[in-house]
Protein chains: 2
Amino acid sequence: MTTPAPRTRIQEKNRTAILEAGLEVFSQYGFRGTTLDQIAEAASLSKPNLLYYFPSKEAIHTELLQGLLETWLDPLHALDNDGDPVTEILDYVHRKLAMSRDFPRESRLFANEILQGAPRILDVLQTDLRQLVDEKAAVIRGWSARGKIAPVDPHHLMFSIWALTQHYADFDVQVRAVLGEKDPFPGAEAYLDQLFRGILTT
Amino acid sequence: MTTPAPRTRIQEKNRTAILEAGLEVFSQYGFRGTTLDQIAEAASLSKPNLLYYFPSKEAIHTELLQGLLETWLDPLHALDNDGDPVTEILDYVHRKLAMSRDFPRESRLFANEILQGAPRILDVLQTDLRQLVDEKAAVIRGWSARGKIAPVDPHHLMFSIWALTQHYADFDVQVRAVLGEKDPFPGAEAYLDQLFRGILTT
DNA sequence: GCTTGATTTGACCAACTGGTCAAAGCAACG
DNA sequence: CGTTGCTTTGACCAGTTGGTCAAATCAAGC
């Protein structure tokens with residue numbers, strides 16, 4: 001969309017490698033904590049070569065964040081007013097949890113940005129995200145009103161879905177420290193099902 | 001405990017100012033993203049003066065993290081096997097939520113550390129935290145077994161309490177972007193009450 | 001094999017980083 | 001007062017940072 005498509009095959013390969021490397025490092029150390037040298041090494045390129053493909057450290061970060069936001073909000077778009085309410089919401093939970101399992105670095109990149117006050121995406125949050133959430137909140141409120149699900153605050157329901165699913169990616173280290181070797185995800189899925197079923201069906 | 005008490009009044013004042021400033025900056029930018037100059041300015045001290053009170057940037061960070069861990073685990077200690085199960089758990093939720101409201105920077109400092117792989121506290125998580133959690137998990141499992149609360153996975157219950165309460169501090173910016181000016185906390189408290197009551201009372 | 005444009009790199013730079021140090025300022029006590 | 005020990009600071013340093021640039025390398029069409 002925003003990104004002009006890379007032309008040659010080698011450009012595409014290197015840009016991809018840089019973004020992949022950037023994701024790896026930014027998601028762990030945040031923007032300020034990350035150095036171009038780290039990214040360059042992770043991408044197996046020289047630092048000046050990085051800057052041949054991207055004008056600055058900031059540009060890499062921005063592009064990652066932009067690509068991320070689409071992916072991140074996508075599952076919420078799918079929440080369908082005409083589907084079965086409980087199924088719709090639980091499906092959303094499952095999709096979000098799967099994203100935490102399959103794309104934990106993306107989740108951490110996002111978490112880092114928010115923790116730092118979201119300097120680069122605050123406007124998107126205040127406009128696009130807010131609008132989308134309000135829209136879906138209305139859907140949920142409608143379900144409640146029609147007695148399809150228990151009365152719940154739709155915004156806090158949304159927050160709780162985000163918090164719980166992303167926790168397994170963002171706090172992965174802590175979860176594993178407490179759980180030992182055991183894979184958290186099967187248990188998480190069952191628990192979240194139980195938890196949200198509990199609040200949705202009175 | 002670990003920290004030898006400062007002697008003079010001026011020492012105490014400056015050490016406190018430095019820790020306060022460090023908390024402010026570390027909690028926003030993480031360890032690597034924070035500079036001594038930032039801390040010095042926030043504490044209204046010169047950089048060499050900082051280093052008169054603390055031997056290094058790392059020392060400030062470590063001391064903050066140590067003090068934090070105690071406070072952080074404290075509410076969990078209070079979970080009492082002999083109290084009323086639902087009340088005990090909901091009280092824990094309320095205490096944790098209050099901490100997010102009253103000490104958001106502490107929550108973010110912790111989040112930053114975990115996000116970066118918990119390099120400085122991984123061992124504490126794997127020993128002290130794990131042991132404490134296992135202990136309380138046994139209590140909860142006991143309550144379930146005796147039919148006092150619904151059968152739940154105690155570890156994931158714990159994770160969900162942490163995730164939900166800390167979300168309001170760590171993702172504060174996002175929450176406020178979505179909610180507008182409205183204070184999230186009264187709503188959060190009511191919602192969390194409803195959510196956990198739902199899963200605990202079948 | 002030569003030219004042309006895309007790609008890569010070594011050398012370099014100014015600003016910033018965490019940290020040092022010797023000297024200066026200061027308070028209080030005799 | 002003068003001395004003594006705590007406190008503060010300006011000047012400084014070596015290493016790192018994001019970023020530049022001219023020159024070298026490379027690939028591909030002619």
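Fair warning: this is a prediction, and the values are worked out from it, not measured in the lab.
Note on Asn14(A): a side-chain N or O is less than 4.0 Å away from OP1 or OP2 of dT8(C). Regarding contacts with the backbone of dA6(C), every side-chain N or O of Gln11(A) stays at 4.0 angstrom or more from both OP1 and OP2. When the side-chain nitrogen and oxygen atoms of Ser46(A) are compared with OP1 and OP2 of dT9(C), one or more of them lie within a distance under 4.0 Å. Residue Tyr52(B) has a polar side-chain atom (N or O) positioned under 4.0 Å from OP1 or OP2 of dT7(D).
Nucleic acid contact for Leu45(A): none, since no nucleic acid atom lies under 4.0 Å from a heavy atom of the residue. Tyr53(A) comes within 4.0 angstrom of sugar-phosphate atoms only, judged by non-hydrogen atoms across all strands, and of no base.
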Please enumerate all protein N or O atoms sitting under 3.5 Å from an N or O of nucleotides 16-23 of chain C, with distances to 0.1 Å.
from    : atom 1 : to       : atom 2 : distance (Å)
dG18(C) : OP1    : Thr34(B) : O      : 3.1
dG18(C) : OP1    : Leu36(B) : N      : 3.4
dG18(C) : OP1    : Lys57(B) : NZ     : 3.1
dG18(C) : OP2    : Leu36(B) : N      : 2.8
dG18(C) : N7     : Lys47(B) : NZ     : 2.9
dG19(C) : OP2    : Lys57(B) : N      : 2.9
dG19(C) : O6     : Lys47(B) : NZ     : 3.4

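Using bins of under 30°, 30° to 60° and over 60° for the plane-to-plane angle, the ring pair Tyr191(A)/His156(B) lands in the parallel bin.
Among residues at least two apart or in separate chains, side-chain hydrogen bond (donor to acceptor under 3.5 Å, both in side chains) pairs with a member in residues 121-135 of chain A are Asp134(A)-His155(A).
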Does the salt bridge (charged side-chain N to carboxylate O under 4.0 Å, His left out) test come out yes or no for Glu41(A) and Lys47(A), once each step is laid out?
CA-CA 8 Å; Glu41(A) 192 188 333; Lys47(A) 188 171 56 165; over 6 Å; no
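Here the C1' atom of nucleotide dT7(D) and the CD atom of Glu12(B) are 16 Å apart, to the nearest Å. Across the protein-nucleic acid pair, Leu50(A) atom CG and dT7(C) atom P stand 15 Å apart, rounded to whole Å.
Summarising the local packing, CZ of Phe103(A) is surrounded by 12 or fewer heavy atoms from other residues, nucleotides or ligands at distances under 6.0 Å.
Here Phe171(A) pairs with His167(A) under the ring-ring contact (aromatic ring centres under 6.0 Å, His included) rule; sequence neighbours left out.
Remark: Arg105(B) is not positioned above the aromatic ring of Phe26(B), lacking an NZ or CZ atom under 6.0 angstrom from the ring centre and at most 45 degrees off the axis.
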